[in-house]
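Below is one structure; the comments refer to it alone.
Residue numbering restarts at 1 for every chain, and letters A, B, ... go by the order of the sequence lines. Because the structure is predicted, anything quoted here is derived from the model rather than measured.
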Protein chains: 2
Amino acid sequence: MIRVLLADDERLIRQAIAMLLGLEADIEVVAQVGRGDLVAPAVREHEPDVLVLDVEMPGMDGLSVAESMPGRAMLILTSFGRPGYLRRALAAGVRGFVPKDASAEELARAIRKVHAGGRYLDPEMAAAAMTAGDNPLTERERDALALAAKGASVAQIAASLHLTEGTVRNYLSNAISKLGAGNRITAIRAAQDMGWI
Amino acid sequence: MIRVLLADDERLIRQAIAMLLGLEADIEVVAQVGRGDLVAPAVREHEPDVLVLDVEMPGMDGLSVAESMPGRAMLILTSFGRPGYLRRALAAGVRGFVPKDASAEELARAIRKVHAGGRYLDPEMAAAAMTAGDNPLTERERDALALAAKGASVAQIAASLHLTEGTVRNYLSNAISKLGAGNRITAIRAAQDMGWI
DNA sequence: CCTTCCGGATGACATCTGTCATATCGCCGG
DNA sequence: CCGGCGATATGACAGATGTCATCCGGAAGG
């Protein structure tokens with residue numbers, strides 16, 4: 001029996017997926033949580049074999065959760081096939097990556113594979129991540145763009161990062177150019193679509 | 001037996017919810033579609049009693065679908081409790097509004113209520129929509145902000161709407177002020193959070 | 001009928017943003 | 001050791017953005 005912990009913020013989805021997985025003879029959902037920060041306590045209590053984590057969650061996102069639990073069998077389940085998510089997940093030791101558009105069979109197969117020590121990556125997502133290439137932004141450019149995405153002005157970003165305004169403008173300009181955008185708004189959208197900020 | 005059509009773009013979610021609803025003795029999912037533009041043909045073919053529509057879908061969003069089928073028993077199922085969504089849905093004659101964070105029982109109850117000609121609004125969403133009040137933006141302000149949200153510059157917006165640049169700047173400035181934002185980026189985020197653009 | 005009000009429209013002005021040329025620093029390969 | 005490279009940092013400048021005072025026209029109300 002494969003003991004699974006399921007983390008997703010939407011109760012209906014969580015309940016429903018748990019039900020589907022419960023139909024599989026060899027899979028048992030032993031815990032369900034709706035917030036990222038509740039995963040660690042639940043893991044301690046139930047000692048599941050495999051963690052199925054949604055990326056978008058309050059408290060702590062699924063990728064951060066994965067990064068905080070190295071060595072465990074984990075699988076990311078997400079609505080958004082963002083290349084950056086896949087890279088972060090793999091770097092964190094996650095061995096399974098399944099889109100919510102997958103079928104229940106695909107999810108069950110992925111869980112078995114991950115439990116057995118293997119990998120399961122959705123073919124389309126893997127291809128998209130390959131095509132997209134790596135994150136071209138430097139750390140500072142990402143910092144600046146992430147703050148801009150929250151609506152911060154150049155002055156506010158400069159204050160946050162302890163830089164002069166000119167430098168911040170420069171980072172944003174570089175980011176805009178690297179992302180093939182025309183202004184900061186399209187740059188923010190592009191970076192978010194790729195899962196880079 | 002209540003015959004239900006289920007429209008949601010994520011297969012796993014669709015399958016799983018169909019399974020949950022199938023457990024209810026009086027509910028039967030007679031059709032499932034993954035795109036908004038496939039709802040109309042499926043309705044013609046299966047003649048369901050109640051339509052359960054996700055807002056976020058490719059092809060055609062759930063609210064537009066609802067607007068195109070007046071008089072039918074419909075229920076909106078969404079991840080995002082945006083006040084503007086609720087208003088648009090009610091205006092389109094939708095009688096049920098359920099967040100994906102609801103329980104399966106709540107969804108089933110809502111479907112029965114809507115099928116019987118009643119209404120079911122998630123209490124929290126209804127309260128949020130009340131608190132938020134109505135969309136304060138005029139039509140032109142919305143047009144301009146929606147284009148800005150796609151990354152368009154003032155010049156491009158002006159060309160699209162057949163206005164001078166000054167007028168466009170004015171609309172955006174009004175929108176920023178009405179939304180309590182400090183620049184167009186925060187204004188865009190605020191308007192999107194409320195479901196106003 | 002006249003007034004008031006509000007959305008729509010305009011251009012001038014101050015400020016903010018994006019680009020560019022340039023400089024410094026640490027690191028790697030020759 | 002030295003040159004080259006890329007990340008970081010800076011300020012000047014041009015162009016884009018946000019604010020303001022103002023005007024126009026139709027709807028609501030006296």
OP1 or OP2 of D:dT10 under 4.0 Å from side-chain N/O of A:T164: yes

Salt bridge A:E141-A:K178, side-chain N to carboxylate O under 4.0 Å: yes

Under 4.5 Å between side-chain heavy atoms, hopping through other hydrophobics if needed: is there a path connecting B:W196 to B:L90? no

Side chains of A:E56 and A:S79: do they bring a donor and an acceptor to under 3.5 Å? no

Hey, is CD on B:E124 packed in by over 12 heavy atoms from elsewhere, all under 6.0 Å? no

Give the intermediate values and the outcome of salt bridge (Lys or Arg N to Asp or Glu O under 4.0 Å) for residues A:R11 and B:E106. CA-CA 11 Å; A:R11 203 181 334 171; B:E106 189 176 348; 5.6 Å; no

Hey, where on DNA chain C does chain B first and last touch, going 5' to 3'? Cut-off is any atom under 4.0 Å from a heavy atom. C:dG7 to C:dG11

Stepwise side-chain contact (heavy atoms from CB on, under 4.5 Å) test for B:L53 and B:L75: CA-CA 6 Å; B:L53 307 170; B:L75 188 151; over 6 Å; no

Under the side chain to side chain contact (heavy atoms under 4.5 Å, CB included) test, residues paired with B:R35 that sit two or more places apart: B:D37, B:L38, B:P58

Quick one: side chains of residues 162-174 of chain A, donor-acceptor pairs under 3.5 Å with protein atoms, not counting sequence neighbours, listed by atom name and distance.
from: A:T164; atom 1: OG1; to: A:T167; atom 2: N; distance (Å): 3.3
from: A:T164; atom 1: OG1; to: A:T167; atom 2: OG1; distance (Å): 3.0

Summary of protein contacts for nucleotides 12-27 of chain D, nucleotide by nucleotide, where a base hit scores B, a sugar-phosphate-only hit scores S (4.0 Å, heavy atoms): -----BBBB-------

Axial bend angle, the helix from C:dC1-D:dG30 to C:dG30-D:dC1: five-pair end segments, nearest 10°: 30°

Within 45° cone of A:F80 ring axis and under 6.0 Å: A:R82 NZ or CZ: yes

Please enumerate all residues that pass side chain to side chain donor-acceptor pair (under 3.5 Å) together with A:E24, with sequence neighbours excluded. A:R112

Once you apply a heavy-atom cut-off of 4.0 Å, does A:T167 come out as touching a base, just sugar-phosphate, or nothing? base

